[in-house]
**Student:** 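Dumping the structure here so I can ask a few things about it.
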Amino acid sequence: MLDIRVIRENPDLVKQASANKGDPVEVDAILELDTKRRELISKADELKSERNAVSAEIPKRKKAGEPVEDIFKRMREVGESITELDDTLREIDEKLSDLMLKAPNIPHESVPVGDESANQQIREWGEIAKPEFAVKPHWEIGEQLDILDMAAGVKISGSGFYALKGAGARLQRALISYMLDTHGADGFTEIAPPFVVNSASMQGTGQLPKLRDDMYHIAKDDLWLIPTGEVPVTNLHREEILSAESLPISYCSYTPCFRREAGAAGKDTRGMIRVHQFDKVEMVKIVHPDTAYAELETLVAQAEKILQGLEIPYRVLLLATGDLSFAYSKTYDIELWSAGVASWLEISSISVFGDFQARRMNTRYRDDKGKPKFVHTLNGSGLALARLIPAIMENYQNADGTITVPKVLQSYMGGLTKIG
RNA sequence: GGUGGAGUGGCUGAGUGGUUGAAAGCGGCGGUCUUGAAAACCGUUGUACCUGUGAGGGUACCGUGGGUUCAAAUCCUACCUCCACCGCCA
């Protein structure tokens, strides 16, 4: 959520910044409601003040044996006016908070303005191999080796689900362990959170109200399947005031992710690339505002470390304003080369939110004067398994149709060096 | 799922419907004393919003929402959470 004071003081800046994101904030409507709201509060507070003063008089009058009926009559009217004002205020508040919750975060000044084509490549790592043979896409080699079963997913659940089998399933488990161990060694605390969360959590990290249709909802219990580990892990500190010394907090977490991918049918959907359920290791940081943008760089480096360990070439992009998602103020994407589909695939998205999520979650820390201030939050995939496994199947594919197990994973796979 | 009990400030814990933002204790912070520390003593110690350049003034908040009343931490109601016991269960 944006700070309403920023909108009051710099309405044009907010208009421009949100327009750059392609998701304009309704600044004028917000300001109008904000003015109305403050008027109502002032009026209601005045009446409440009067009521409180009179209420203090009543017991004195009673003691003195003076009549109180006339006061009761007047106060009943005052009470009715208060109720009326409060009712109107509640309506205004609801409208205002709806607009505020739907207003996107504004991009950081270092973010290039423009659409996708304005994304900047920051760096590239590793050599893209040029094998002598035709690399099979992961869904082909996976079926051939009987480690990936797309048809099973369709039968059991429907389109957009898959099953890993044998060495494929074990490869995923090895990757999860490898990633969590790497992050853990670098000071990230491992979290095993709930995979089903309430609406307050979804609102806290920014999925609700706007992304309602992208998520699976359990109507009977009003609970949501998490679209990313970011949701439960960041919400660990919802409604909390943290000590300044406890910052930065670094978490890593393995979770499945559930996404309806409404409207995405038919769009580069082959194999595991765009599915309704996939596994991911997520990194979350809760930091002091002063360090947020430096932390973003270290978080990107942490994700890169995984790919470097796996020796898979990648590139890092700085996303332009038009490609930035709702809650982010700055995002780096890490993409790796998929030989099977001959294109770059996003495997990680590392973002800083500023105080956007902290405001929604009411997560604060105490500054050196002891006053509560909003923390800043970040997160990044470290990494998404449903993209990483295909990348391994393709980058580590051999001419004879086998797949070499990356060195760092071999110990996690009981010494297995080759699948097939 | 059933029955019973309970939810008050950082913590423990008082609170007859009317100066109760809320006793007391602990903790925290500041000070006196001390070479230093401890102890003792004194003072101080919530959050958010509205208003004001500021000093300040005002309002709200005792699990959450609704209700009764001139007035609610206190009464009614629904829900949530926790504890105990019973049932079920990986």
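Predicted model, so just to flag it, every value in this text is computed and none were measured. When reading the values below, keep in mind they use all heavy atoms of this one structure, side chains included, and skip hydrogens, waters and symmetry mates. We name chains A, B, ... by the order of the sequence lines, and we start the count at 1 in each one.
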**Student:** Passes side chain to side chain donor-acceptor pair (under 3.5 Å), A:Asp222 versus A:His217? Steps please.
**Tutor:** CA-CA 7 Å; A:Asp222 193 19; A:His217 183 227; 2.8 Å; yes
**Student:** Strictly by Watson-Crick or wobble contacts shorter than 3.5 Å, is anything paired with B:rG56, and which nucleotide is it?
**Tutor:**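 By the stated definition (distances under 3.5 Å), B:rU51 pairs with B:rG56.
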**Student:** Contact between A:Pro112 and A:Thr321 at the side-chain level, heavy atoms closer than 4.5 Å - yes or no?
**Tutor:**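 The answer is no; the side chains never approach within 4.5 Å.
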**Student:** Does A:Lys285 make a cation-pi contact with A:Phe188 (under 6.0 Å, within 45 degrees of the axis)?
**Tutor:**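 Geometry flag: set, cation within 6.0 Å and 45°.
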**Student:** Can you tell which of B:rU47, B:rA60, B:rC50 lies closest to the side chain of A:Pro372?
**Tutor:**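 Per side-chain heavy atoms of A:Pro372, the pick is B:rU47.
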**Student:** Base, sugar-phosphate, or nothing for A:Arg61, non-hydrogen atoms under 4.0 angstrom?
**Tutor:**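 Counting heavy atoms under 4.0 Å across all strands, no contact is made by A:Arg61.
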**Student:** Counting only Watson-Crick or G-U wobble pairs whose two distances fall under 3.5 Å, which nucleotide matches B:rG1?
**Tutor:**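 Check on B:rG1: paired to B:rC86, both distances under 3.5 Å.
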**Student:** Considering only B:rC70, B:rU51, B:rG66, which nucleotide approaches the side chain of A:Ser42 most closely?
**Tutor:**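 Between B:rC70, B:rU51, B:rG66, the one nearest the side chain of A:Ser42 would be B:rU51.
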**Student:** Under 3.5 Å for both donor-acceptor distances, Watson-Crick or wobble: does B:rG10 have a partner, and if so which one?
**Tutor:**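 Pairing partner: B:rC26.
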**Student:** Does A:Lys95 have more than 12 heavy atoms from other residues, nucleotides or ligands lying within 6.0 Å of its NZ?
**Tutor:**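 Open: at most 12 neighbouring heavy atoms sit under 6.0 Å from NZ of A:Lys95.
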**Student:** A:Lys48 NZ to B:rA72 C1': how many Å, rounded?
**Tutor:**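 In whole Å, B:rA72 C1' lies 14 Å from A:Lys48 NZ.
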**Student:** For A:Lys371, answer base if it contacts any base atom (sugar-phosphate contacts may also be present), sugar-phosphate if it contacts only those atoms, and nothing otherwise; contact means non-hydrogen atoms under 4.0 Å.
**Tutor:**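 Sugar-phosphate, no base atom in range.
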**Student:** Should B:rU34 form a Watson-Crick or G-U wobble pair with both distances under 3.5 Å, which nucleotide is its partner?
**Tutor:**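 Per the H-bond distance test, none.
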**Student:** How far does the P atom of B:rG13 sit from the matching atom of B:rG17, given to the nearest Å?
**Tutor:**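 Per the computed distance, 23 Å lies between those P atoms.
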**Student:** May I ask you to decide whether A:Arg90 forms a salt bridge with A:Asp86, counting only side-chain N to carboxylate O separations under 4.0 Å?
**Tutor:**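 No, A:Arg90 and A:Asp86 are not salt-bridged.
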**Student:** Between the side chains of A:Asn20 and A:Gln16, does any donor sit under 3.5 Å from an acceptor?
**Tutor:**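 The answer is yes; a qualifying pair exists.
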**Student:** Provide the Watson-Crick or G-U wobble partner of B:rC79, both distances under 3.5 Å; none if there is no partner.
**Tutor:**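 Pairing partner, where one exists within any strand: B:rG63.
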**Student:** Consider the side chain of A:Ile41, meaning its heavy atoms from C-beta on, and name the nucleotide among B:rC50, B:rA71, B:rU59 that approaches it most closely.
**Tutor:**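 The nucleotide sitting nearest to the side chain is B:rC50.
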**Student:** Name the residue closer to the 5' end of RNA chain B, choosing between A:Ala44 and A:Glu39 according to the nucleotide with the nearest heavy atom.
**Tutor:**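 Taking each residue's closest nucleotide, the earlier one in sequence belongs to A:Glu39.
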**Student:** In whole angstrom, give the distance that lies between atom CD1 of A:Ile71 and atom P of B:rU69.
**Tutor:**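 About 19 Å, once rounded to whole Å.
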**Student:** Of the listed nucleotides (B:rG18, B:rU51, B:rA60), which one gets closest to any side-chain atom of A:Arg38?
**Tutor:**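 Nearest listed nucleotide: B:rU51.
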**Student:** Of all the choices, B:rG18, B:rG66, B:rU59, which nucleotide is nearest to the side chain of A:Ser49 once you look at every atom?
**Tutor:**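 From the listed options, B:rU59 comes nearest.
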**Student:** Taking CZ from A:Arg8 and C1' from B:rC49, how many angstroms apart are they, rounded to a whole number?
**Tutor:**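 It is 10 Å, rounded to the nearest whole Å.
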**Student:** Is B:rG21 paired to anything, Watson-Crick or G-U wobble with both distances less than 3.5 Å, and if yes, which nucleotide?
**Tutor:**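 WC or wobble partner does not exist here.
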**Student:** Classify A:Arg37 by what it touches in the nucleic acid, base, sugar-phosphate, or nothing, heavy-atom distance under 4.0 Å.
**Tutor:**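 Sugar-phosphate, backbone atoms only, no base.
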**Student:** Provide the Watson-Crick or G-U wobble partner of B:rU74, both distances under 3.5 Å; none if there is no partner.
**Tutor:**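 Paired with no nucleotide.
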**Student:** Can you tell me which nucleotide in B:rG18, B:rU47, B:rU59 comes closest to the side chain of A:Asp45?
**Tutor:**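 Ranking B:rG18, B:rU47, B:rU59 by closest atom to the A:Asp45 side chain puts B:rU59 first.
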**Student:** Reckon A:Ile58 touches a base, only the sugar-phosphate, or nothing at all at heavy-atom distances under 4.0 Å?
**Tutor:**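 Here A:Ile58 touches the bases of the nucleic acid.
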